[in-house]
Amino acid sequence: MCGHTIEMMPGGLSRARSATPEIQEIADKVKSLLEEKTNEKYEVFKAVEYKTQVVAGQNYFIKMDVGGGCFLHIKVFRRISPENVLELSGYQTNKTRNDELSYF
């Protein structure tokens with residue numbers, strides 16, 4: 001095991017990473033659900049960073065830049081299935097760029 005680092009234990013959150021195109025795609029797929037729940041329309045919806053959590057599937061905690069210096073955190077669950085179904089399982093509004101992603 002020399003040279004290998006364990007980034008996370010099952011159930012724990014990974015370290016924060018810069019968002020990738022895949023993370024932006026995940027966020028985009030749940031954007032309309034989030035807009036429905038918050039009764040807002042987000043002109044800007046840019047993933048900034050994310051953490052993951054391995055459960056019976058995978059949770060993604062994603063920091064989103066929604067413009068005007070405003071940020072929010074979304075939690076998306078991806079089921080282990082052939083379809084890789086995504087669910088918006090939570091969100092937090094009124095965040096800043098410097099707010100740490102944490103479990104919610």
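Quick note: numbers below take in every heavy atom, side chains included, and nothing from hydrogens, waters or symmetry partners. Here the structure is a predicted model, which means the values were calculated and not measured.
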Should Glu87 and Val76 be marked as a side-chain contact (heavy atoms from CB on, under 4.5 Å) after you check the CA-CA gap, both sets of side-chain angles, and the distance that decides it?
CA-CA 5 Å; Glu87 297 173 14; Val76 180; 6.0 Å; no
Could you give the distance from [atom1] ([X]) to [atom2] ([Y]), rounded to the nearest 0.5 Å?
X	Y	atom1	atom2	result
Arg79	Leu86	CZ	CG	10.5 Å
Tyr50	Ile74	OH	CD1	13.5 Å
Glu36	Lys41	CD	NZ	8.5 Å
Asn59	Arg78	CG	CZ	11.0 Å
Leu101	Lys95	CG	NZ	8.5 Å

Would you indicate whether the side-chain heavy atoms of [Y] and [X] approach each other to under 4.5 Å?
X	Y	value
Glu40	Glu35	no
Leu34	Leu72	yes
Ile62	Met64	yes
Asp99	His73	yes
Ser18	Glu49	no
Asp65	Arg97	yes
Arg17	Thr52	yes
Phe104	Lys75	yes

Answer yes or no: is there an ion pair linking Lys29 with Glu22, defined by an N-O contact shorter than 4.0 Å?
no
Is a salt bridge present between Lys51 and Glu100, judged by a nitrogen-to-oxygen distance below 4.0 Å?
yes
Considering all heavy atoms, the nearest Phe71-Val66 contact
N-CG2, 4.2 Å
Please report the closest heavy-atom contact between Ala47 and Ile23, naming both atoms and the distance.
CB-CG2, 4.1 Å
Aromatic plane relationship, Phe61 with Tyr103 - under 30° parallel, 30 to 60° tilted, over 60° perpendicular:
tilted
Can you hop from Tyr42 to Val48 via hydrophobic side chains spaced under 4.5 Å?
no
Honestly curious: do Tyr60 and Phe45 fall in one hydrophobic cluster under the side-chain, below-4.5 Å linking rule?
yes
